[in-house]
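To start, the structure itself, in structure tokens.
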Amino acid sequence: MLTKKRWWVPWAFLALPLIMYIIWVLVPIGRTFIYSFSSWDGLSKNIDFIGLDNFRMLFGDRIFITALMNNIKWFILFIIIPVPVGLGFAMLLDMKLPGSKLFKTLVYLPMTLSFVVIGTMWSWIYEPQYGALNSFLDAIGLDFLITPWLSDPQVVTFSLIFAAIWRQIPYVMVLFLAGLKNVSKDQVEAAYVDGANAWQRFWNIILPALRPSMIVAVTVSIIDSLRAFDIVFVMTKGGPFHSSTVLANFMYIEAFNNYRMGYGSAIAVIQFAITFGFIILYLLNVMKNEE
Amino acid sequence: MKNRKLSIRMMFYILSLLIVIVWLIPFFITTFTSLKSMDEIMASTSWWKPPQQLVWENFANSWEQGNMKTYFRNTFIITVPSVIGTLFVSSLGAFSLSFYKFKMSKIVLIIFVAGMLIPFQMLLIPVYKFSQQTGLYDTFQGVILFHVAFQLGFCTFFLRNFMIGIPKSIFESAKMDGANDFTLYRKIALPLSLPAMAALGILEFTWIWNDYLWALILLQSDSLKPVTLGLVNLQGQWVTSWNIISAASLIAAIVPLVVFLLFQRYFIDGLTVGAVKG
Amino acid sequence: MKKLTLTLTILTLVLFVFSARTLVINSYMSDPAPKEVFSKLVADFEEMYPEIDVTVNTFAHEDFKTLLRTWLGSNNAPDVVTWFAGERMRYFAEKGFLEPLDDIFPNGFEEEFPEAFRTASAYQDNIYFIPQSWYWWGVYYNKAVFKDLGLEIPKTWNEFMAVNETLKENGKIPMAIGTKFLWTAGGWFDYLNMRINGIEFHTEFTAGKVPFTDPRVKKVFEYWKEMVDKGYFINNHSAYSWQEAANRLFTGEAGMYLMGQFIKDVAPENVKDDIDFFRFPIIDSNVGVYEDTPIDGFMVPKNAKNIEDAKLFMKYIAGKESQQYFADELGRLAANKKVTPPDAHAQAGMDMILESDGVMQFFDRDMDPEMANNAMNGFVEFMMFPNRIDAILENLENIRQRIYN
């Protein structure tokens, strides 16, 4: 389709998007990389370059290690929980029961609320003395499970992840609802007629047909877990004393509250590197399917 | 047999109902809070319980006090052009990457995808400085242009995947009828991508509507701020009026919800097709 | 060509004539009451100077702190900004981002403001900050609870401990505190340090000149530990914002709360009169009596576009009339010394301060922001795990070395 004469055609179409992208995204990324090698405070006119010192400091910074560990927790839990639960919700709500449209809308609601509100409401659920969760546990006799959900350093990250998952599940559910539309009803019917039970139908027909949606769901969950910021920032700001901090939160506080722009940029660079690692993995997967 | 089927259905029905109710608890709490007076909140111990007295004025107050009218208007001014802009610009890129075979196309695609996954806080200071230098700071255009550019990664990738699925035969016959490249784009690729565009439109609308950080960094004047910033302004230096904030955010949540309801059909169908090609 | 030049000249003249002088003010007064009062003050200023067109942009408090540094560093800074006195202001003055304001006062700063406020408003010899209002900190207590248990206001540390013990014995939370956002713990450090070691030491400490491992610093934590060990603080305080913890004081479940005067802003109507304060108890009678009095006010960025009019505004906001109005409407204390306190509660606070030997701004306003953040995190960790104090202090000392190297 492309002759030698017309090699410029695809680039003509790409011109506008690429230029905008370079200006607003790629150049700023480059700038951040440059800042990460400096001790800039984000304010002064002059920038001192200090080579790899920021990165050296980072690896000895126990807050950085905590953030990294926490992101790993986010990462694991974000894959294990939203994906199956979202799938379960999708299958449950896909049954043509009366009111399923209403249900889908209701489950989508968390995505429409602002993070400030989500954070505050969950803080009240988690409140140690009178909060909804502990009151409920007390009421049903499980009072040995009562914990200060947001002030116990061992537990706090999990409390935050759970609130974030509450918001993540609708997103994943919608992805799967879409995917389920693609499952061939005829195939399922045929399998039923052939005597396959519910589990076999699910495993052998539905699940493979859902593979594309699964890839998107897992990828999105990976990215969101490594980028987690809003919930942490609103609910605990990384506290108590850094025990719930994640990379994005740590980066923000260092760069903007502690006036350490250079250091914060270094954190961002590392966060980018980790996420980028997963991009490559994802892309290899996706490109493979296309050939 | 029929009875068994019926009771299974009932079970699933009740199960769904229960799940959704538990699911919505934080949402109920938000609603309760929005209907309480601050005095009631500060004087009681359980902040999550239903209100003793319904204070409907909170909603009116949040509209007034929160200057919601202006902020809503601003959010529309920012969101609608951003969504249209990013859909249009990314469709150009998507067409190029899907229709033409050229050496750099894989690399360009990777560039767009990579940008999709950037932790955006990283861009705060450079983008701020850039908008200052170009005079785009504190303008609607500045925020809109940024959103259009920033969303290009995801949108280009998504649309490109969708467009790959359009049968080449349609293009072939159009070419034989004498269509040039731009016509192919405008009259064939675009119309056939409408479901995907609608799906993207909803997602982009929700994300940009709820954007907080970029509006914060790129806008200064009160008169330009969107709802997300307006909401946070209801948090005082020491004192937070939780009831007003809850009321205001419920109002703010209505718009993305309505958009979801209106475009639900396309949304679900569209996402399918993109996902399958992925 | 001639026509073009003519048109352009006319256009320029027209624009020149119709361009009002604009003044941009960025403020963090996002609470509804102060916001309204401030907009009235701005309206009055506009009446005095009709050629000036004032725009006020309001921001949430946390966001303002983040954005201020970006504004100050840009070429497009706003003309006036709200801010805090003390180190927080000096941080920017030192880097040359603020405009000196001495020429606003023909007869000097002390004509309008108490001499005690000079250090908080100046850097080296110049004034960079115009104070508007200030408030005090004290131990707020629930009068009804005290009355029920027959408690008297404690004046010394021992009396204070006894009050705590009585409260605890009767099933009350002796001391409420919400440490989720850290600064409440800073308040505790301030008071213990000022009572034990005095104000010169505290000033040196917040200037980063004292090692965290100094024995005088450790002494502060010994007293603090006494309260922690005896369980006088509310449980799980790191789960609460200050406001959420205040709720316990209002319901009567807690007896006391070391807090700033703004706690009254949030007290429900039926409880407001039950909440009063007393001075933080004396630990060492040989040490002077010092208090925290955070001062809020305004500054002018060096890169502001309209410095002239900014100074006009600052002169206005420093004056008695505007300060009296602000104080009266909001029940605050005005910085201007000619202004009378608006109500009995404010008068009581004012009296307490007048009887004191000196004042500081507040922990996170007196200390370098990064050091303060780390220190407060350390304080909260100490309050939850008091036995870790040595490790915490060592860690903070390392950070101090790095920051103040």
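The sequence lines fix the lettering, A, B, ..., with proteins before strands; numbering per chain opens at 1. We use all heavy atoms of the structure for the numbers below, so side chains are in, but hydrogens, waters and symmetry mates are not.
Note: A:Trp124 leads A:Tyr126, A:Trp149, A:Trp124 in heavy-atom pairs under 4.5 Å with chain C. Counting heavy-atom pairs under 4.5 Å between each of C:Glu244, C:Glu253, C:Lys65, C:His237 and chain A puts C:Glu253 at the top.
Rounded to the nearest 0.5 angstrom, C:Ser241 OG and A:Met235 CE are separated by 12.0 Å. Distance CD1/C:Ile399 to CG/A:Asn258: 9.0 Å, rounded to 0.5 Å. A distance of 9.0 Å separates CG of C:Asn236 from CG of A:Asn134, quoted to the nearest 0.5 Å.
Relative orientation of the A:Tyr259 and C:Phe92 rings is perpendicular, given thresholds of 30° and 60° on the angle between their planes.
More than 12 heavy atoms of other residues, nucleotides or ligands shown are found within 6.0 angstrom of CD on C:Glu169. The environment of C:Gln401 atom CD is dense: over 12 non-hydrogen atoms of other residues, nucleotides or ligands sit within 6.0 angstrom. The number of heavy-atom neighbours closer than 6.0 Å to CZ of A:Phe49, taken from other residues, nucleotides and ligands shown, is above 12.
At a 4.5 Å heavy-atom cutoff, the contact between C:Phe385 and chain A is made by side-chain atoms alone. Using a 4.5 Å cut-off between heavy atoms, C:Asn373 touches chain A through its side chain atoms alone. Proximity to chain A is absent for every atom of C:Met371, based on heavy atoms less than 4.5 angstrom apart. Proximity to chain C (any heavy atom under 4.5 Å) is restricted, for A:Ser123, to the side chain, taken from C-beta onward.
Judged as a salt bridge (Lys or Arg N to Asp or Glu O under 4.0 Å), and not counting sequence neighbours, the contacts of A:Glu127 are C:Arg248.
Looking at heavy atoms from C-beta onward, A:His242 lies out of side-chain contact with C:Glu381 at the 4.5 angstrom threshold. Looking only at side-chain heavy atoms (C-beta outward), C:Tyr240 and A:Pro128 come within less than 4.5 Å of each other. Residues A:Phe241 and C:Met384 have side chains in contact (heavy-atom distance under 4.5 Å, counting atoms from C-beta outward). At least one side-chain heavy atom of C:Asn395 sits under 4.5 Å from a side-chain heavy atom of A:Arg62.
Counting all heavy atoms, side chain and backbone alike, A:Ser151 lies closest to C:Ala239 at CB-N, 3.6 Å.
Residues of residues 174-182 of chain C placed with any heavy atom under 4.5 Å of a heavy atom in chain A are listed by number as C:Lys180, C:Phe181.
With respect to C:Arg69 and A:Asp41, no salt bridge is recorded, no charged nitrogen being found less than 4.0 Å from a carboxylate O.
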